[in-house]
There are 2 protein chains.
Amino acid sequence: MSAPKSTRAPSKPKAPRSGAVATPAPVATAEPPLNTSYLESLLGYNARRAALAVISVFLKRMAPFGLKPVEFSVLTLIAHNPGITSRQTCSALDILPPNLVGIIKSLDQRGLIVRKAHPTDGRAQGLHLSAHGRRLQHEAQLTATALEHDAAHALTPGELDKLKALLRKVYQN
Amino acid sequence: MSAPKSTRAPSKPKAPRSGAVATPAPVATAEPPLNTSYLESLLGYNARRAALAVISVFLKRMAPFGLKPVEFSVLTLIAHNPGITSRQTCSALDILPPNLVGIIKSLDQRGLIVRKAHPTDGRAQGLHLSAHGRRLQHEAQLTATALEHDAAHALTPGELDKLKALLRKVYQN
DNA sequence: TATTGTTATACTCTATAACTATA
DNA sequence: TATAGTTATAGAGTATAACAATA
């Protein structure tokens with residue numbers, strides 16, 4: 001689905017008529033309220049809309065670090081698993097190998113990661129963070145953690161935890 | 001993120017050694033278990049993975065109808081709101097107008113919808129389902145509803161309802 | 001002047017096939 | 001023969017600018 005993100009429709013509030021102090025019923029000023037109730041009863045629809053909303057916040061807050069969601073995921077996975085291979089990264093994040101190549105190349109060229117020869121497998125290469133990458137990942141992780149409560153401001157901490165647990169049950173196993 | 005979907009890695013079970021009846025510890029047969037705990041603590045990561053998992057099931061089950069998620073959403077929105085305009089559809093589903101054009105054109109060419117002149121606005125056109133579109137949408141909606149419990153088989157009905165309510169709180173308002 | 005529907009277009013994301021070098 | 005990393009490329013999804021017709 002498409003999300004206009006930053007460019008939001010202003011949805012003109014349309015000022016109340018002259019003398020009317022309190023307009024009891026908006027009559028039918030602009031739009032007949034669309035019926036979206038069935039779509040909103042579907043898990044897929046809700047999951048997609050929610051994911052896009054959260055990712056939209058993520059993109060804004062992570063822009064200063066120059067990290068998009070997948071780049072942050074890769075960097076964080078390497079941070080927590082030094083020496084991880086590209087294949088393992090692909091499996092863990094559900095990325096196809098050809099699509100990871102460009103991401104790894106970019107992170108390498110930015111000096112955030114270093115590729116070392118794998119100790120036992122000559123075909124593979126272990127991925128590690130550079131000192132710079134370590135600093136950036138640390139800051140980005142703090143931001144990602146803080147961003148949570150921003151993106152889910154309508155939820156209590158307990159609801160947020162419950163939501164994440166339920167989401168994991170959907171895609172794990 | 002990318003999801004290999006149908007083409008899953010077999011992740012070789014690697015048969016136990018010859019005479020060993022019960023191997024107590026798998027020693028270190030294949031992979032050192034990756035640490036993904038931090039990523040799994042993030043709402044955005046979980047929402048994205050869950051959404052992709054559900055959409056993957058949706059794609060398979062809806063393939064017989066030739067409907068992708070957005071096409072189903074548009075068709076369903078028109079079914080529940082006869083005479084809706086393209087603009088209203090874009091707003092409701094967060095689709096950009098230029099991207100809806102091709103979807104509407106495709107549904108029209110397949111004979112699923114008809115475009116009628118708008119009663120009051122000469123620029124707009126009301127969208128309606130054809131008889132064929134009505135039948136297809138009805139069957140597709142039944143499938144979409146049934147698919148829910150398939151995609152969320154790890155959840156109880158109560159958990160599924162709770163999950164959808166929490167997701168709506170994330171993206172609405 | 002603003003809005004609806006549209007074209008053209010660019011950029012990103014996702015997916016498949018095939019190559020190389022190692023195992 | 002199979003696997004890790006890679007290249008090339010095709011296809012889908014998403015985004016902006018600009019236009020004609022109408023309000």
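With sequence neighbours excluded, no residue forms a ring-ring contact (aromatic ring centres under 6.0 Å, His included) with A:Phe65. Shown here are the ring-ring contact (aromatic ring centres under 6.0 Å, His included) partners of A:His80, two or more places apart in sequence or in another chain: B:Tyr38. B:Glu139 meets the side chain to side chain donor-acceptor pair (under 3.5 Å) test with no other residue; sequence neighbours excluded. With sequence neighbours excluded, the residues that form a side-chain contact (heavy atoms from CB on, under 4.5 Å) with A:His132 are A:Leu112, A:Ser130, A:Arg135.
Comparing C:dT16, C:dG5, D:dT16 against the side chain of B:Leu96 picks out D:dT16 as the nearest. Picking from D:dG5, C:dT16, C:dT4 the nucleotide with the shortest atom distance to the side chain of A:Thr85 gives D:dG5. The side chain of B:Arg115 lies closest to C:dT6 when the candidates are C:dG5, C:dT6, D:dG5. Of the candidate nucleotides C:dA15, D:dG5, C:dT14, C:dT14 has the atom nearest to the side chain of B:Arg48. Set against C:dT4, D:dT7, C:dT7, the side chain of A:Pro98 has D:dT7 as its closest nucleotide. Nearest nucleotide to the B:Asn99 side chain, out of D:dA15, C:dT6, C:dT16: D:dA15.
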Collect all protein-nucleotide pairs involving nucleotides 21-23 of chain C in which both atoms are nitrogen or oxygen and the distance is under 3.5 Å.
unit_1	atom_1	unit_2	atom_2	d
C:dA23	OP1	A:Gly122	N	2.7

Under 3.5 Å, N/O pairs linking protein and nucleotides 10-12 of chain D:
none

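Judged by distance alone, the side chain of A:Asn99 and the main-chain N or O of A:Ile95 form no donor-acceptor pair under 3.5 Å. For the pair B:Glu148 (side chain) and A:Leu43 (backbone), a donor-acceptor distance under 3.5 Å is present.
In this structure, the side chains of B:Arg49 and A:Leu167 stay at 4.5 Å or more apart for every pair of heavy atoms. When side chains are defined from C-beta on, B:Tyr45 does not count as touching A:Phe72, because their heavy atoms never get closer than 4.5 Å.
Of the two residues near DNA chain D, B:Pro69 and A:Ala124, the one whose nearest nucleotide lies more 5' is A:Ala124.
As a whole-Å value, the separation of B:Ile103 CD1 from C:dG5 C1' is 14 Å. The distance from atom CG of A:Leu93 to atom P of C:dA15 is 14 Å, rounded to the nearest whole Å. Rounding to whole angstrom units, CG of residue B:Leu100 and P of D:dT14 are separated by 13 Å. A:Ile104 has its CD1 atom 9 Å from the P atom of D:dG5, to the nearest Å. One interatomic measurement links the two molecules: NE2 of B:His118 to C1' of C:dT4, which rounds to 11 Å at whole-angstrom precision. Atoms NZ (A:Lys105) and C1' (D:dT6) sit 8 Å apart, rounded to a whole Å. In this structure, CD1 of A:Ile55 is placed 16 Å from P of D:dG13, rounded to the nearest angstrom. Counting to the nearest Å, the P atom of C:dT6 and the CD1 atom of B:Ile95 are 14 Å from each other.
Looking only at atom types and distance, the side chain of B:Ser86 has no donor-acceptor partner in the side chain of B:Gln125 under 3.5 Å away.
Remark: B:Gln125 is in phosphate contact with C:dT6, judged by side-chain N or O atoms under 4.0 Å from OP1 or OP2.
Between A:Arg168 and B:Glu40 no salt bridge is recorded (no basic side-chain N to carboxylate O distance below 4.0 Å).
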